[in-house]
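Numbering of ligands and ligand atoms starts at 1, following listing order. Just so you know, residue 1 is the first one in the sequence shown, and it goes up from there. Just so it is clear, the model here is predicted, and its values are computed rather than measured.
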Amino acid sequence: AQPQIEAVLEDIVHKPYTGPEHKLTPLVNEHVGKYSKYVFEPVESGDGNWQLAHEDGDMKVYRRELEEDGVVVDPLKAQHIVKGLSAFEMCKYFFDKDTRLDWEGTVESFKVLDKLADDSVVFHQLHKRVWPSTQRETVFCSHICMLTNAPRPENMVGHTWMVCNFSMEHPSVPITSKMIRATLNVGLVCQTIINRQVEPGQESSITRDDVSCKIIYAANVNPGGWAPPSVVRTIAKREITKFLKKISSCAQKAVLEQPLTL
Ligand code: 16C
């Protein structure tokens, strides 16, 4: 089935959420183009050797053990289903810097280096130090967009949304010996599932009680320097699980009093 899946994923196209184009548009297009396909590659297919690392209700976390030059760079993928909000609302919440510290457990502080457009922002983040290793920092571009032609799960309504975070260099933050520069490629893809039959043209009758958000999250993080493999693997599994639980409950609370935006 592998060639068929590849052909389907090849058709995925991303559309900017707001635009306009900016100086990093070609870089964003390149990353989002590749990563949107990678996120949808099923963990069950191919010779990827994905292992189920954690399961809790609707949440499943997979990892593929991988080391580069002795550094653990295990690719992670996760799926989750969150009741009462749409794909757009979840992606918007993940993208929104103003609420990031409510759910992001790995970050000590961050600042905006460049606001390229409403849908593309460059950040510098200082991560919490894992004693006794050196503190990590990241510099990455975060982009929110809509995906067209993505594989649709059963009972999906509306569009597929994605936030893609990818490391880049920025002249205002040179690498110093004080911190280790970690790198990341992250994709959060969301799709809205409806739990009842809706006739065409009746979409305006859909309420919060009718929908859930299906999440696919993928992360390729390179800690940037050696740390004991068992420590990296324990922290990665713990943090991705905490992240999915925390962002789900925070996003549910944040949209509760608002009208549903599909
Ligand atoms: O995607 C997430 N958050 C986004 C917005 O912040 C963004 C961030 C990605 C996380 C990149 C992690 C870089 C290394 C951090 C150093 C470890 C700090 C741990 C502190 C624990 C109290 O895209 C949600 C992120 C969810 C977490 C993903 C898995 C992280 C793997 C961590 C590898 C551990 C390395 C430890 C080295 C000593």
Hey, what polar pairs (N/O, under 3.5 Å) does ligand 1 make with protein?
{"unit_1": "ligand 1", "atom_1": "1 (O)", "unit_2": "Tyr217", "atom_2": "OH", "d": "2.7"}
{"unit_1": "ligand 1", "atom_1": "3 (N)", "unit_2": "Glu104", "atom_2": "OE2", "d": "2.7"}
{"unit_1": "ligand 1", "atom_1": "6 (O)", "unit_2": "Glu104", "atom_2": "OE2", "d": "2.6"}
{"unit_1": "ligand 1", "atom_1": "6 (O)", "unit_2": "Gln125", "atom_2": "OE1", "d": "3.3"}
{"unit_1": "ligand 1", "atom_1": "6 (O)", "unit_2": "Gln125", "atom_2": "NE2", "d": "3.1"}
{"unit_1": "ligand 1", "atom_1": "23 (O)", "unit_2": "Asn165", "atom_2": "ND2", "d": "3.0"}

Sorted by chain and number, sequence neighbours left out, salt bridge (Lys or Arg N to Asp or Glu O under 4.0 Å) with Lys97 holds for none
#### Entry: Derivation of the salt bridge (Lys or Arg N to Asp or Glu O under 4.0 Å) call for Asp56 and Lys245
CA-CA 10 Å; Asp56 180 4; Lys245 281 193 184 153; 3.0 Å; yes
query = Has Arg100 got its NZ or CZ under 6.0 Å from the middle of the six-membered ring of Phe123, at an angle within 45 degrees of the ring axis?
reply = yes
TODO: With Lys34 as the cation and Phe166 as the aromatic partner, state whether NZ or CZ is under 6.0 Å from the six-membered ring centre and within 45° of the axis.
DONE: no
We want to know whether Thr106 and Glu104 form a side-chain donor-acceptor pair, criterion being a heavy-atom distance below 3.5 angstrom. yes
**Message:** Looking at Asp74 and Arg233, is there a salt bridge between them, counting it only when a charged N and a carboxylate O are closer than 4.0 Å?
**Reply:** yes
